[in-house]
Amino acid sequence: MVGSLLERHGRVGIVAHDAGAANHLLAWIEPWMLPRIVPVIAGPARALWERRFLGAPTAGLDDLVTCGAVVTGSGWASDLEHAALRRARERGTLSVAVIDHWVNYRVRFLRAGVLALPDAIWVTDEDALAIARREIPEVPCHIQPNLHLAEQLRRLRPAGEVDGDRLLYVAEPIRVDWGLAVPGEFAALDFFARSLPALRLPPG
């Protein structure tokens, strides 16, 4: 993870915009690493950085020139990570991209017809590993521990300690309708509602 990159490369750039990969990246960083981390953080990832490392300064893309390796997210919402990967390639700097989803792998690295692939890809589960190796076979892919998920699980109370009779369902815009003439997130919600009996939840 990030610690092993620091051992080999001295300074490591962290580039993140979208929250998904940022959550993984930040969970791999421990406070003792901060003096050798060059964080280029924007968008939703910035609030995550500030919450985890209160008061720790951030940097700009130009500051990555001081890094021996760069680890980026692979989000859709900006060109920041793509630009960092292109610059790393131009300078001959080792680059790693974190993928936190199970869809659209190759196009995550494409902007305006320019493909900027990393030197390696990190994922956190076997399914993602198989997809990455199938869709981007020319880039080595490795599984890293899902420390973000582990942190979330540690914060959960046992089910027996939960009060109330409400179930929170969280959806994400899918942006496709799977041929069902209804947005994907609503099709998924309908499926969830139909499948509720299989969950064997307590009465009420």
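All figures in this text were calculated on a predicted structure; none of them were measured in a lab.
- Connection of L54 to L26 is not established within any shared hydrophobic cluster, with ILVMFWY side chains joined at heavy-atom distances below 4.5 Å, either directly or through further cluster members.
- Distance check: E135 CD to R106 CZ gives 9.0 Å after rounding to the nearest 0.5 Å.
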Item to check | Test side chain to side chain contact (heavy atoms under 4.5 Å, CB included) applied to R87 and D62, step by step | outcome: CA-CA 9 Å; R87 292 186 183 204; D62 290 341; 2.6 Å; yes
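- Judged by distance alone, with hydrogens and angles left aside, the side-chain atoms of W49 form a donor-acceptor pair with the main-chain N or O of A56 at under 3.5 Å.
- I131 is connected to L115 through a chain of hydrophobic side-chain contacts under 4.5 Å among Ile, Leu, Val, Met, Phe, Trp and Tyr, so both are in one cluster.
- Of the possible donor and acceptor atoms, one in the side chain of N23 sits under 3.5 Å from a partner among the backbone N and O of A19.
- Salt-bridge check for E81 with R86: failed, with every basic side-chain N at 4.0 Å or more from each acidic carboxylate O.
- Counting only N and O atoms by type, the side chains of N104 and W76 include no donor and acceptor under 3.5 Å apart.
- Rounding to the nearest 0.5 angstrom, the gap separating the OG atom in S74 from the CG atom in D100 is 6.0 Å.
- The heavy-atom pair separating E185 from E172 by the smallest distance is CB-O, 3.5 Å.
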Item to check | side chain to side chain contact (heavy atoms under 4.5 Å, CB included) evaluation trace for M1 with L147 | outcome: CA-CA 11 Å; M1 292 183 298; L147 300 185; 4.2 Å; yes
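- The shortest side-chain heavy-atom distance between L6 and V2 falls under the 4.5 Å cut-off.
- Shortest non-hydrogen contact noted between P39 and P57 is CG-O, 3.3 Å.
- Placement of V70 and V114 in two distinct hydrophobic clusters is found when ILVMFWY residues are connected by side-chain heavy-atom separations under 4.5 Å, directly or transitively.
- Inspection of the R46 and T58 side chains reveals an N or O donor paired with an N or O acceptor under 3.5 Å.
- Between W28 atom CH2 and M33 atom CE the span is 11.5 Å, to the nearest 0.5 Å.
- Taking 4.5 Å as the limit, some side-chain heavy atom of D125 sits within range of a side-chain heavy atom of W102.
- Between Y105 and I121, the closest side-chain pair of non-hydrogen atoms is not below 4.5 Å.
- V123 and V71 end up in different hydrophobic clusters when Ile, Leu, Val, Met, Phe, Trp and Tyr side chains are linked at under 4.5 Å.
- The shortest side-chain heavy-atom distance between I99 and F109 falls under the 4.5 Å cut-off.
- Residues forming a salt bridge (charged side-chain N to carboxylate O under 4.0 Å, His left out) with R11 (at least two apart in sequence, or on another chain): none.
- Between C141 and I136 there is no side-chain heavy-atom pair separated by less than 4.5 Å.
- Residues L85 and P118 share a closest heavy-atom pair of CD2-CB, 3.9 Å.
- Formation of a donor-acceptor pair under 3.5 Å by the R111 side chain with backbone atoms of S78 is found in this model.
- Other residues, nucleotides and ligands place more than 12 heavy atoms under 6.0 Å from the CZ atom of F192.
- Hydrophobic clustering of Ile, Leu, Val, Met, Phe, Trp and Tyr side chains at less than 4.5 Å, counting indirect connections, unites W122 with L25.
- Taking each heavy atom of T72 and A84 in turn, the nearest pair found is CG2-CB, 4.1 Å.
- The CG atom of L110 sits 6.5 Å away from atom NE2 of H82, with the distance rounded to the nearest 0.5 Å.
- The shortest distance between side-chain heavy atoms of V38 and I14 does not fall below 4.5 Å.
- Side-chain atoms of R89 come within 3.5 Å of backbone atoms of L117 as a donor-acceptor pair (strictly under, hydrogens ignored).
- Between T124 atom OG1 and H142 atom NE2 the span is 14.5 Å, to the nearest 0.5 Å.
- Rounding to the nearest 0.5 angstrom, the gap separating the CG atom in L80 from the CG atom in L61 is 5.0 Å.
- Remark: E7 does not engage R36 in a salt bridge, criterion side-chain N to carboxylate O under 4.0 Å.
- G60 and V40 make their closest contact through O-CG2, 3.5 Å (heavy atoms, listed as atom of the first residue, atom of the second, distance).
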Next on the checklist: Please evaluate residues I29 and R52 with respect to the criterion side chain to side chain contact (heavy atoms under 4.5 Å, CB included), reporting the C-alpha separation (whole Å), side-chain torsions for both, the decisive distance (0.1 Å), and the verdict.
Outcome noted: CA-CA 10 Å; I29 298 172; R52 184 177 284 266; 6.0 Å; no
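- No side-chain heavy atom of V12 sits under 4.5 Å from any side-chain heavy atom of C67.
- Here the closest heavy-atom approach between residue Y169 and residue A171 is recorded as CE2-CB, 3.8 Å.
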Next on the checklist: Pair L5, L94 - check side chain to side chain contact (heavy atoms under 4.5 Å, CB included), show working.
Outcome noted: CA-CA 10 Å; L5 290 178; L94 175 73; 3.8 Å; yes
